Each structure stands twice: as structure tokens, then as C-alpha cells.
Amino acid sequence: MKDRKFGKEEVDVAVVGLGAAGSVLLCDLAEAGLRVVGIEAGPFWDPQNDFASDELHAKTLAWNDTRLSTGQDPLQLGSNNSGRGVGGGTVHFTGVFYRFHPSDFKVRTLDGVAEDWPISYADLEPFYAKIEQDIKVSGPREFPWGAFHGPYPYPEREPISGNAQVFRKGCEALGIKSTVAPLAILSAPYAGRPPCTNRGFCNQGCMPNAKFSTLIHHIPRALKAGAEVLSDCMATRILVNKGGLVTGVEFNHNGRNYQQKAKIVVLSAFVIETPRLLLNSACSQFPDGLANSSGLVGKYIMPHSGHDVYARFEEEIRLYKGTPVLAVSQDFYETDQSRGFVRGYSLNAHGSRPVGLARLAALNAGIWGKQLRELMLEWNHYARITLVGEVLPALSNCVTLSDEKDEYGLPRAQVSFSYGENDRKLIAHGIEKCKEILTAAGGQPALVIPDSAHLMGGCRMGNDPQTSVVNRFCQSHDIPNLYICDASVFVTSGGANPTETVMAIASRTAGHIASLA
Amino acid sequence: MESMYPGYNVLDLQDEWDPHTREIVNRRLGPFTFKLLSPWEQAMIKAVAEHLICDGREEILEWVAFHVDEQLAKPFGEAQRKPGVPPQKELVRRGLKTLDLWAKKHFSEAFLKLDASRQLQLISSFQQGSFHKDTGWETDVQKEFFKKVLGLVTEAYYSHPWVWSEIGYGGPAYPRGYVRIELGITDPWEPRRVGTNEGS
């Protein structure tokens, strides 16, 4: 590795993984004057030359390393819920930018299930506000749910797509509140970036840079403030000294191993790779893996249930046009005991493209051959709503190490997942609501495709070292100079797209680390 | 089962696409150089794919088989796999052989020589995983073979620009995006249904 900036010195902080969390940390810490290195397994993307208007090509943006996936409801990984390369999942996320609700942080207190978070909504509120302002989130003047009611920094998007119009029409007919989606996508120019052109390829990597990603926002700022970014560098081990403190990170670049010394290491490698790296870094001081005295590293992972409900309309909807999610409802977000389950969900009017629809119809709904061809020849007549359903944490849903090794000789992750009873009831309720909305809009419900989205948990935060992996500042209970800061620290999943909460936690942790320096 | 958008061809719009996307899409029209699959394996993939996508056009099947070849030959991972299921390269190649063995056992004929209905019958039984006693393959592994091939074939088929045209998909959209995204209106270059005059 030539031209290393901090190759020979001990930096203040090394961050592993430059996605939604790691890039925010790198940026905030560099701007606070710390010497920081970000270590990212994937490439340093150039949107203009690496991305394309093409679904198949976009598979390269995902973490495709093989994981063993098991349980009653084995998770689909890869592009379904992960990113690879600088920017991580923000490169191909839909840009839906929700805050969690205050109730999400005290589920045990309110609903008697799961656990409370060691932080409250009020702890994150300043960071939510800062990030929204920082990246100019566009959204409605009035947002009717949760604690934040707008206005958003940038005006809501208009026009909205046919699919979003149909959704809002159905909601209106049933007395369900809906709004234009809050989005990390520009509705007006900002910092040399144009407003959205409605090409609809958010999940394939935004080429005009109208959609926010940490690749185009936080990483350039981090570099300007003196951070070093190491791309195509796969972290293989966290190094620990005899005193039980971490001393740096071992990583592999082009088949060779290197070490980066650091006073503090932050793991931001997401829900599967963060636990895997902790477990694969087991040593004589920590034979069960780092930060794992509770035995909970890799435990309590959660996706969102993400079932898609399609209805056929006489008129053309054209799911491919416009930003995929332009209208939403959180009317079913909070617990309502009369429904027979706790917690709730968001509903996102959700556009689609041919490969996405056909592939999931085939794999998850068993539709193929003539039936699939007929469906696709009429696909312009379908509207879609996607559920973002809260999944309660369960100990048996976990990341462990398998017997299989990868190309670095490291055990592959095994991921086990099964829905619980509450999850299934919630899904059934959400599907029915979607059908009602689409019917009220004049459609004929036609197809439900089971799916999941996002990942959270695996290194949950808490005040008690026996029942959690990190404290309220994402510092590991066992090793004071090891932090874990990404979606893996989530205690519960909420019923909303998690990226804004991931970034708010990262910014809060960065502030904490900077205050120690 | 006919296109509602006859005469629409997304390839006519390619001067509006960025060069990277144009190159990627045009590669799907061939010619193809296979890296891994033997001619027999290619023929088997095409025969199976024809049932899965319900389309027998040779040019498209050639692309579909090439995509399968490319994915199986690549060195990196397959995102997820069930424990006990072989890696995708082995899974697909063994699956094709097993399918042929089966055809010979049940119908005394190579799979490629069977008529369409018998081929479909065998493919469907793989989907159910119902032949495990004959093949030495667990039910789960058979199903996984079916799903692996189905996923690869479906994603390839719906990435072919001829298919985009037929289903009325506007295709690549950069640098030009969409202006008219609301119900009932279309940009001038989008596919229009025959007999409608939407968006004008």
C-alpha cells in the first residue's frame, strides 16, 4: 500500500466500515480535529462511471459474500439489506428518512416486550435535527406522526408518482392519514447537487447525485478535514494487547495483510460483519470473541417485515417512474391493543422495476413460467405498497460463525432468523390494510410477495453489561477503547426505515468520542 | 400474451443513455463468450429457462445462459446459501446432470430430447423437491437448485432490452429522467399502449 497518510502512526480513531454510520463518524471526528482512518472492504465508488441505470449491474453495490442463512424464515441478504463500498447501504437505499418515535425507545415499559433502550428519543432529537438540516431532507410541511411534525428543511417533493397518488387516494377514502415521504433526496439544488430528476433508480445508485449518500456528502467532508480512507481493504481482525485494550485493526488489501494502529477502534460494519469480526477476533484474553462477556454478540438480530402488496388497476400506474417512495403512512405505527399484537408499522407506496418485481414474484411467491410472463406484460397496471413492520427481538435470531471459511480463511457468518407470533400477526394486519387501501383506490388486490428489509441488532446497547454489548454511547462494556456503532446496536427495530436513526446514533457517538480527546 | 406496446423499442432511445449503461445493455445482445458452462450445459440451461420464462427466442435464451455462466464463473459470493446446500456452481452443474439422469430414468430419453410437457413435468417436480429417492439429493437441495436457476434466469430475462420494450418499461433513464410522472401522463419518449393517447 503506497501513499499511506497514517500508515506508520497510531491514529486517534480507526473506523471499520464506511456506510451510513462509519462515514458520519469519520466526518464528525475529522472535523473535530482528530486523526482518523476509515477502513472499507469495498471500492471507492465514482457515481458517474461505476453506477448505471440498470438493476442487474447494481448487484455489485451489495455485500455479496456468501453467508449461510437458516431458520424458519431464512433472510435474503446481499442487495436486500447491505452495501459494499464507500457509502455502504446509503448508495442504494431508497432515501426514506424517518425518525423513530419516542415509544420505540421504551418498548418494555410501554408494551411489556423486548427491552427499553438506554437512550430516549430526547437523546437523539438534536442529532436527528442536525442531520436533516445538514443534508437538506425534503418532506411535508406537516408530518402527523411521532414527535417531530415538521417542517423539513427542504419542501416536499412534487409532483408525486402515479403509484403514490393511488396510495394517497386510497388512504383518503378510508380516513387514513398519508403524507408525501420525508426523503434524503433533494427537492431543490444544494451544494452543487441538482434536485431529483425522477429517474427512479435510487436502489441502483443515484447518478445525478440528487439523492444523499455518505459517499457524496460525509466522505468528501471527512477527506477535506484530513481523514484517510482505505477502500478495498477488508478488516480481518481487531488487535488486542495483553492489558485487554484494542491496539488497532488488521486488514487485507490485494491479498496482503496490513495493520493500522489506533487509540480507539470503532466497528461500523453492520449487523452481520460487526459481530463476525468481533467473534473472529477471539484471542487468549477474550476466548469467546471481543466485547462478548454477555454472550450477546450476534444475538437479537432483526429485519423489518417488508411484504409487498400489489393490486391491478384499469389505468396504467407505471411503477418505474419517479422516486420509488413518494407517499407514506404511519397511522398504524403505535401499539393498538385491539389489533391483537403490539407495536406497528409504516406503509410506503413503493415503486418497482422489472427485475425487482419479477425476481421476487418468482422466488418469494412461486410465480414463474406463463403466469409470470402474463403478469409482467401487464405490470404497468400494478400499484404497490410495502410494509415496514416492526420485528420483535428474539435471542434465537442470531449471527454465529459457521464451519465454512471464506477467501481470507475466516469462518463465514451463519445467520438464523424466524418470525415470532407477534411478528406474524403484525404482518397479516399490514397486508390487510394494504389491500383495503388499494381497493379503496379502485384497484384489485392481486399479489402478496413476502419480503424483508433492513437489519438491526446483534450488538445491542444497554446499561447492564450482562444483558447488552455496548453502553449508551456505543462503547463496549468490556473494552473501553472499542466502540460498536451501526445498526447492530439497535435494541428494537422500530417500524420505520432505520437509516436516519443509524446516522443520529453515529453522530452522537462521534460527539462523545471527540469530547474524550 | 401479447405486448400492449408493439412497435416500442427502448434501444431506439440509447443515444439518450450514459455511455456506461449503453455498454452494459448492448452487451446483452451478444456475441457471448462462455467461461464455464459446456455446450451441453448451455443447452440444458436454455431448455430449462424456456419453461421458466415462457419464451423460446434463441437470442434471448443465449443471453440468459450467458448470464448464468457469468454468475457461476465469478469468484465472489452468492449473498446467502442454506447450510448443507452446495455452492452455486456445484449446485447448478450437478442439478443439470441430475435432471438429465432423471429424464432417462423416467422417460428413457435425454432431457433435451423430451417434449415440452415432459420437460415441464420434470422441472416442476424439482420445484417440489419430490424425487429425492431417485437422485440422492435431499428435497431441500432440489428446491434450492430450482430456486437458484429460477432467480438467475428471471433476472437475466427481465434485463433484456427486447423484454423491456414488450412490457412497456422505459428502460435506462440517465441523464434524461422523467418529467411527467403522475397518473395518466407520460413523457413523449415513453411507451404508449396501443389505442390510447395518453400523455399527448
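Since the model is a prediction, treat every value here as computed from it, not as a measurement. Below, read A as the first sequence line, B as the second, and so on, with proteins coming before strands; counting in each chain starts at 1.
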Enquirer: Pick one of side chain, backbone, both or neither for A/Phe51, based on which atoms fall under 4.5 Å of a heavy atom in chain B.
Expert: backbone

Enquirer: Are the side chains of A/Phe313 and B/Leu183 in touch, meaning some heavy atoms are under 4.5 Å apart?
Expert: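 No, too far: nothing below the 4.5 Å cut-off.
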
Enquirer: Decide if the gap between the ring center of B/Phe126 and the ring center of B/Phe146 is smaller than 6.0 angstrom.
Expert: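 B/Phe126 vs B/Phe146: aromatic centres not under 6.0 Å.
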
Enquirer: In terms of heavy-atom pairs under 4.5 Å with chain B, which of A/Gln204, A/Glu407, A/Glu404 leads?
Expert: A/Glu404

Enquirer: If I measure from the heavy atoms of chain B, does A/Ile160 come under 4.5 Å with its side chain, its backbone, both, or neither?
Expert: backbone

Enquirer: Among the options A/Gly78, A/Ala358, A/Gly322, A/Ser82, pick out the one with the most heavy-atom pairs lying under 4.5 Å from chain B.
Expert: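 Option with the top pair count is A/Ala358.
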
Enquirer: Under 4.5 Å, counting heavy-atom pairs only, tell me which of A/Glu378, A/Lys321, A/Gln371 racks up the most with chain B.
Expert: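 The residue among A/Glu378, A/Lys321, A/Gln371 with the greatest pair count is A/Lys321.
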
Enquirer: Using modelled atom types and a 3.5 Å cut-off, is there a donor and acceptor pairing between side-chain atoms of A/Asn380 and backbone atoms of B/Gly168?
Expert: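 Pair found, side chain donor or acceptor close to backbone of B/Gly168.
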
Enquirer: Among B/Gln127, B/His51, B/Glu190, which residue has the highest count of heavy-atom pairs closer than 4.5 Å to chain A?
Expert: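 Between B/Gln127, B/His51, B/Glu190, the count favours B/Glu190.
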
Enquirer: What part of A/Asp403 gets within 4.5 angstrom of chain B, counting heavy atoms only: side chain, backbone, both, or neither?
Expert: neither

Enquirer: What about the rings of A/Trp379 and B/Tyr158, do their centers lie closer together than 6.0 Å?
Expert: no

Enquirer: At a heavy-atom separation under 4.5 Å, does B/Trp164 approach chain A through its side chain, its backbone, both, or neither?
Expert: side chain

Enquirer: Applying the side-chain hydrogen bond (donor to acceptor under 3.5 Å, both in side chains) test to B/Lys74, which of B/Glu70, B/Glu78, B/Gln71 qualifies?
Expert: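 Among the candidates, only B/Gln71 passes.
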
Enquirer: Could you please state which residues from residues 349-356 of chain A sit under 4.5 angstrom from chain B, measuring non-hydrogen atom to non-hydrogen atom, sorted by number, or 'none'?
Expert: A/Arg353, A/Pro354, A/Val355

Enquirer: More than 12 foreign heavy atoms under 6.0 Å from NZ of A/Lys59: is that the case here?
Expert: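 Yes, the 6.0 Å shell around NZ holds more than 12 heavy atoms from other groups.
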
Enquirer: Quick check on B/Ile24 against chain A: is it the side chain, the backbone, both or neither that has a heavy atom closer than 4.5 Å?
Expert: side chain

Enquirer: Can you confirm whether or not the ring centre of B/Trp189 sits under 6.0 Å from the ring centre of B/Tyr8?
Expert: no

Enquirer: Out of B/Ala79, B/Gly177, B/Ser159, which one racks up the most heavy-atom pairs below 4.5 Å with chain A?
Expert: B/Ala79

Enquirer: Out of A/Glu55, A/Arg359, A/Gln414, return the one with the most heavy atom pairs under 4.5 angstrom to chain B.
Expert: A/Arg359

Enquirer: Does some side-chain heavy atom of A/Val271 sit less than 4.5 Å from a side-chain heavy atom of A/Val415?
Expert: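 No, side chains not in contact.
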
Enquirer: Counting heavy-atom pairs under 4.5 Å with chain B, which one of A/Ala413, A/Pro208, A/Pro74 comes out on top?
Expert: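 Maximum pair count with chain B is reached by A/Pro208.
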
Enquirer: So does A/Arg84 pair up with A/Asp65, basic N to acidic O under 4.0 Å?
Expert: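 A/Asp65 and A/Arg84: salt-bridged.
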
Enquirer: Which bit of A/Glu374 comes within less than 4.5 Å of chain B, counting heavy atoms only: side chain, backbone, both or neither?
Expert: both

Enquirer: Classify the ring geometry between B/Trp63 and B/Phe66 as parallel (under 30°), tilted (30 to 60°) or perpendicular (over 60°).
Expert: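 Correct class here is tilted.
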
Enquirer: Would you name the heavy atoms of A/Cys202 and A/Ile185 that are closest together and state the gap between them?
Expert: SG-CD1, 3.9 Å

Enquirer: Highest number of heavy-atom pairs under 4.5 Å with chain B: which of A/Leu360, A/Asn64, A/Val166?
Expert: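 Option with the greatest count: A/Asn64.
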
Enquirer: With a 4.5 angstrom heavy-atom cut-off, is it the side chain or the backbone of B/Thr154 that approaches chain A, or both, or neither?
Expert: side chain

Enquirer: Sort B/Arg27 into side chain, backbone, both or neither according to what part of it lies under 4.5 angstrom from a heavy atom of chain A.
Expert: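 For B/Arg27, neither part sits under 4.5 Å from chain A.
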
Enquirer: Taking A/Glu273 first and then A/Arg276, would you say they form a salt bridge - that is, a charged N and a carboxylate O separated by under 4.0 Å?
Expert: yes

Enquirer: With the threshold set at 4.0 Å, does a side-chain nitrogen-carboxylate oxygen contact exist between B/Glu166 and A/Arg373?
Expert: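 A salt bridge links B/Glu166 with A/Arg373.
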
Enquirer: Heavy-atom distance under 4.5 Å to chain B: side chain of A/Leu326, backbone, both or neither?
Expert: side chain

Enquirer: Which pair of heavy atoms, one from B/Val141 and one from B/Gly84, lies closest together, and at what distance?
Expert: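 Residues B/Val141 and B/Gly84, closest heavy atoms: CG2-O, 4.1 Å.
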
Enquirer: Honestly, is B/Arg57 close enough over B/Trp162, meaning NZ or CZ under 6.0 Å from the six-membered ring centre and within 45° of the axis?
Expert: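 Here B/Arg57 fails the 6.0 Å and 45° test against B/Trp162.
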
Enquirer: Measuring heavy-atom distances to chain A, does B/Pro19 have an atom under 4.5 Å in its side chain, in its backbone, in both, or in neither?
Expert: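 Contact with chain A involves no heavy atom of B/Pro19 at all.
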
